[in-house]
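Proteins come first, then strands; the chains are lettered A, B, ... in the order of their sequence lines, and each starts at number 1.
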Amino acid sequence: MSRYNARAVEPKWQRIWEDSRAFAATRDETKPKYYVLEMFPYPSGRIHMGHVRNYAMGDVVARFKKARGFNVLHPMGWDAFGMPAENAAMERRVHPGAWTYQNIAAMRTQLKSMGLSLDWEREFATCDPEYYAQQQALFLDMLEAGLVSRKISVVNWDPVDNTVLANEQVIDGKGWRSGAPVERRELTQWVFRISDMADELLSAIDGLDKWPEKVRLMQRNWIGRSEGLQFRFEMAPNDLVDWPELEVYTTRHDTLFGASFAAISPDHPLSRALEGKVDGLAAFNAECRRMGTSEAELETAEKKGFDTGLRVVHPFDPNWTMPIYVANFILMDYGTGAIFGCPAHDQRDLDFARKYGLDVVPVVCPPDQDAASFEIGSDAYIGPGRIINSRFLDGMSIDDAKAEMARRMLEMGCGEARVNFRLRDWGISRQRYWGCPIPVIHCGDCGIVPVPKADLPVKLPDDVTFDKPGNPLDRHTGWRNVPCPKCGADARRETDTMDTFVDSSWYFARFTAPHADTPTEMADADYWMNVDQYIGGVEHAILHLLYSRFFARAMHRTGHLPEKSIEPFNALFTQGMVTHETYRAADGRWLTPDEVKITHEEDGREPALETRDPQIVPVDKVDLRRVARETSTDEEVEIGPTIKMSKSKRNTVDPEQIIEQFGADTARWFMLSDSPPERDVEWTAAGAEGAWRFLQRVWRALNEAKLCAIGAPEPQLVLPMAASLRQATHKTIMRVSRNIESFAFNKAVADIYTFVNTLTKEHGDSEDYLFARREAYEALARLMAPMTPHFAEEIWQLLGHATPLVEAPWPSYDADLTRDDMISMPVQINGKKRAEIQVDREADRETIEGLVMASPDVARFLGGKTPRKIIVVPGRIVNVVI
RNA sequence: GCCCGGAUGGCGGAAUUGGUAGACGCAGCGGACUCAAAAUCCGCCGGCCGCAAGGCCUUGUCGGUUCGACUCCGACUCCGGGCACCA
């Protein structure tokens with residue numbers, strides 16, 4: 001008997017599926033549809049293990065649903081615009097388009113070798129002019145619908161290269177190529193008005209009941225609705241500026257009598273106005289601007305303030321003034337760019353007050369504290385309590401104090417309650433070549449003129465150069481200079497391109513009619529939308545998903561999606577990452593798993609980091625051991641943490657090698673084994689080999705198994721052993737079905753292992769055995785098919801079937817065969833398991849108690865005493881309390 | 001810094017969602033087969049004590065609720081994801 005030969009088998013079935021167009025999706029009103037989608041890949045060059053895991057999971061769902069009778073749509077495409085292509089262009093003098101399409105070709109081949117049940121006829125790349133033409137049409141419709149505007153926003157500016165940098169390109173506050181300290185600079189940019197939809201996007205989260213709770217929480221927090229008070233401080237008289245008042249936003253107006261300072265953003269108009277007038281302020285502000293734009297950077301930077309010397313007057317006491325600071329941690333983008341500080345009840349304000357010697361007056365007293373003696377140490381008090389030291393608010397709860405404060409401010413005409421969102425408008429302008437051109441023209445007379453739809457697409461010019469930093473579109477005068485579509489005068493194209501998040505915010509809708517000459521085709525969108533199951537990395541939990549939700553709403557408003565699709569993803573699953581150990585040489589360079597050799601530690605347990613030579617294992621054994629390593633040059637290597645596979649840490653394993661060595665089914669099987677899909681999985685060579693051995697084991701067992709003829713009737717005689725095999729079969733069908741349905745693929749795999757263990761131990765050859773065994777193997781083939789489709793087809797054929805398994809329905813189970821008549825129940829005494837009894841499944845309380853008291857084990861622990869209480873949970877457990 | 005997760009044997013994990021902790025897999029150990037190796041098959045496999053029967057301990061740490069806690073509550077520690085121009 002020959003071994004199972006994945007290298008020959010897999011391409012064979014891939015061809016059969018392709019020739020029969022097994023996965024081509026067509027509208028069919030007679031069947032329920034099911035749209036399963038995995039987040040499409042960026043064509044970086046090669047697929048990585050994260051892709052294998054993501055697409056293996058999606059394929060399990062797609063094949064399972066197809067077997068269950070659904071009309072499945074399972075498409076694939078390419079998120080093809082982005083910075084890496086431009087970086088490649090600069091470094092290797094290749095055109096970003098050529099580089100991208102080459103990568104797509106390579107990755108398409110790799111993905112096809114995985115045997116995914118994809119409808120390749122719907123494939124597109126977002127850099128295809130046919131795709132971005134429709135994106136431009138969408139932009140124009142959104143512009144007309146008032147969903148787009150222009151806004152000043154800040155970018156990272158590299159003063160040496162004279163380019164805008166992505167946050168990723170700012171390393172320790174310096175440009176990644178020039179090394180120059182980055183500055184913040186303001187630019188007028190195109191934005192999508194997502195903040196107009198903040199309330200709607202927030203409340204609709206409640207309806208996303210098939211999304212992970214953590215993602216819903218993250219989205220809620222990101223949108224960040226807060227109810228607060230916006231009010232105006234009067235300025236104390238000063239000689240520097242004519243500035244009557246300072247408007248601030250706060251959610252803690254109950255603490256206004258604990259205020260000890262006001263603070264404004266360095267970019268606040270008042271701060272700018274004072275720059276030439278207050279000694280040192282210009283320098284302070286400049287220093288604040290010498291920083292990247294990322295929130296993490298701003299928030300972790302040392303908190304610094306600059307006393308402007310100006311003061312504001314407390315709204316409720318004309319004799320009470322406090323200083324105005326410029327502070328580097330106040331964001332101009334949130335609220336009014338100005339706050340008041342109450343150090344006692346806000347940690348950041350407290351740190352600031354301690355640093356600059358400002359008053360700390362507690363105004364909220366914790367319930368268990370005495371108002372007279374309550375003091376603030378190094379921790380601000382942010383809990384509940386009653387108000388103290390606050391004149392007319394004294395004794396109130398926080399909520400009552402807020403209400404009273406808002407009422408009085410409104411009465412006085414200096415402030416009003418206001419809902420604020422953390423969510424900012426979505427800036428989409430990018431000063432880069434490799435993106436979707438924004439289809440507008442700037443005319444000196446007409447202003448901003450949309451490109452007429454008849455002139456779309458605004459295609460990217462091919463003849464561009466990347467020898468200079470900056471946006472090549474800016475330099476390309478032939479492309480840039482055009483007549484105004486309205487008046488015909490000389491005008492210029494917008495040279496900014498769109499954020500690549502735009503491309504990925506509607507591709508799921510485009511898949512329903514990928515070749516239409518409008519963004520979508522209503523009949524197709526209406527049939528296929530929504531995505532029934534969306535699968536992707538949790539790293540997209542906020543931005544991509546929020547933008548897509550916004551886009552779906554925008555597309556509905558502009559007539560491109562039906563109303564039911566304003567929430568486009570019915571169910572979401574966020575899978576974990578694929579991780580691997582990292583290896584670092586003494587000089588700090590990262591090493592790939594292939595570059596390290598492993599030494600054998602004697603007890604086989606802990607890795608021997610320090611050990612040099614004594615027991616270097618031969619290379620072919622290497623991958624089975626997790627121990628210390630050395631490079632070929634005999635350096636010692638440090639084993640770093642197990643982290644997400646990434647090029648920069650070089651801890652990657654190439655799926656192509658694995659597929660070549662073991663086959664796609666092995667890679668898929670291993671990826672689905674062991675780790676729950678939502679968690680990170682560590683790739684280990686040993687795990688892959690284990691998966692490979694399992695397939696061989698099933699193959700061997702089936703080749704040696706004696707079965708009845710295909711389609712033979714159920715025999716009359718049923719031997720107990722054969723009956724138990726049938727029970728195992730039906731239980732396994734039940735479990736695997738449930739586990740696939742609930743995304744517990746690791747448990748489905750474990751169920752199949754258990755089943756195969758049972759199956760291969762049954763050696764009878766009576767008539768009912770032959771029947772039970774055929775039933776078992778037929779079920780096995782069908783249960784494994786979503787995970788190891790080629791292998792399943794092969795054993796299906798071996799079982800004698802003439803038609804491919806891909807067209808076979810999912811197996812059903814007989815519920816009577818999944819239940820045991822007798823069950824074992826643990827008996828606890830004072831909460832510790834001491835005995836076990838066998839009882840009928842339906843046994844009642846009295847019967848169970850009788851059996852418990854009759855048990856010698858129980859009697860031994862009871863020692864003649866009468867139990868105080870016996871807790872019986874029928875079908876579960878008994879606890880005897882003495 | 002802020003938001004969101006996670007932690008169970010040597011390792012990945014399971015535990016019917018408050019009811020037998022460690023299913024299943026990997027690694028390891030012992031044995032069979034073999035001239036030998038690979039492959040395969042059989043057995044063992046959380047720790048401590050014990051000849052055994054059995055007992056005690058054990059789900060990151062500390063405390064609480066409960067007849068009963070991996071599961072619920074409170075306080076921490078460490079690790080990971082996101083933070084708006086990486087995709």
Answer syn or anti for G9(B), where the cut-off is 90° from 0 on the glycosidic torsion. syn
Just confirming the chi classification of U59(B), syn or anti, using 90° around 0 as the syn window. anti
Using a heavy-atom cut-off of under 4.0 Å over every strand shown, decide if [X] touches base, sugar-phosphate, or nothing.
| X | value |
| --- | --- |
| Phe861(A) | sugar-phosphate |
| Asp333(A) | nothing |
| Asp680(A) | sugar-phosphate |
| Lys833(A) | base |
| Lys832(A) | sugar-phosphate |
| Arg348(A) | nothing |

Would you indicate, yes or no, if [N] has its OP1 or OP2 atom less than 4.0 angstrom from a side-chain nitrogen or oxygen of [X]?
| X | N | value |
| --- | --- | --- |
| Asn746(A) | G25(B) | no |
| Asn739(A) | A14(B) | no |
| Arg679(A) | C79(B) | no |

To the nearest Å, how far apart are [X] [atom1] and [N] [atom2]?
| X | N | atom1 | atom2 | answer |
| --- | --- | --- | --- | --- |
| Ile382(A) | C2(B) | CD1 | C1' | 12 Å |
| Leu695(A) | G25(B) | CG | C1' | 13 Å |
| Gln575(A) | G12(B) | CD | P | 20 Å |
| Leu546(A) | C3(B) | CG | C1' | 14 Å |
| Phe670(A) | G13(B) | CZ | P | 11 Å |
| His763(A) | C42(B) | NE2 | P | 8 Å |
| Asp674(A) | A15(B) | CG | P | 14 Å |
| Glu836(A) | G54(B) | CD | P | 13 Å |

Test: [X] and [Y] ion pair at under 4.0 Å:
| X | Y | result |
| --- | --- | --- |
| Asp425(A) | Arg193(A) | no |
| Lys151(A) | Asp333(A) | no |
| Glu213(A) | Arg216(A) | yes |

Shorter than 3.5 Å, N or O on both sides, protein versus nucleotides 65-72 of chain B: list them out with atom names.
unit_1: C67(B); atom_1: O2'; unit_2: Asn879(A); atom_2: ND2; d: 3.3
unit_1: C67(B); atom_1: O2; unit_2: Asn879(A); atom_2: ND2; d: 2.4

Using a 4.0 Å heavy-atom cut-off to protein, can you give one letter per nucleotide of nucleotides 81-87 of chain B, 5' to 3': B if the base is in contact, S if only the sugar-phosphate is, - if neither? SSBBBSB
Determine the Euclidean distance between corresponding [atom1] atoms of [M] and [N]; express it in Å to zero decimal places.
| N | M | atom1 | value |
| --- | --- | --- | --- |
| U65(B) | C78(B) | C1' | 27 Å |
| G13(B) | C26(B) | P | 16 Å |
| U58(B) | A69(B) | P | 11 Å |
| G18(B) | C70(B) | C1' | 11 Å |
| C41(B) | A27(B) | P | 13 Å |
| C45(B) | A23(B) | P | 10 Å |
| G68(B) | U17(B) | C1' | 15 Å |
| C11(B) | G46(B) | P | 13 Å |

[Y] and [X] aromatic ring geometry - parallel, tilted or perpendicular at 30°/60° bounds:
| X | Y | value |
| --- | --- | --- |
| Phe573(A) | Phe743(A) | parallel |
| Trp426(A) | Phe551(A) | perpendicular |
| Tyr55(A) | His51(A) | parallel |
| Phe40(A) | Tyr507(A) | parallel |

Measuring from atom [atom1] of [X] to atom [atom2] of [Y], what distance do you get when rounded to the nearest 0.5 angstrom?
| X | Y | atom1 | atom2 | value |
| --- | --- | --- | --- | --- |
| Met291(A) | Asn328(A) | CE | CG | 5.0 Å |
| Arg3(A) | Leu695(A) | CZ | CG | 12.0 Å |
| Lys303(A) | Asp351(A) | NZ | CG | 8.0 Å |
| Asp496(A) | Leu187(A) | CG | CG | 8.0 Å |

Pairing nucleotide - [N], Watson-Crick or G-U, each distance under 3.5 Å:
| N | result |
| --- | --- |
| G1(B) | C83(B) |
| U16(B) | none |
| U40(B) | A32(B) |
| C51(B) | none |
| G74(B) | C62(B) |

Report the nucleotide, chosen from [options], that has the shortest atom-to-atom distance to any side-chain atom of [X].
| X | options | answer |
| --- | --- | --- |
| Leu217(A) | G80(B), G13(B), C4(B) | C4(B) |
| Arg876(A) | G25(B), C3(B), G19(B) | G19(B) |
| Ser824(A) | G12(B), C24(B), U20(B) | U20(B) |

Just by modelled atom types, is the Ile428(A) backbone N or O under 3.5 Å from a matching donor or acceptor in the Gln189(A) side chain? no
Looking only at atom types and distance, does a side-chain atom of Gln169(A) sit under 3.5 Å from a main-chain N or O of Ala166(A), one as donor and one as acceptor?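 Confirmed, Gln169(A) side chain pairs with Ala166(A) backbone.
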Heavy-atom nearest nucleotide on RNA chain B taken for Asn221(A) and for Gly687(A); more 5' hit belongs to Asn221(A)
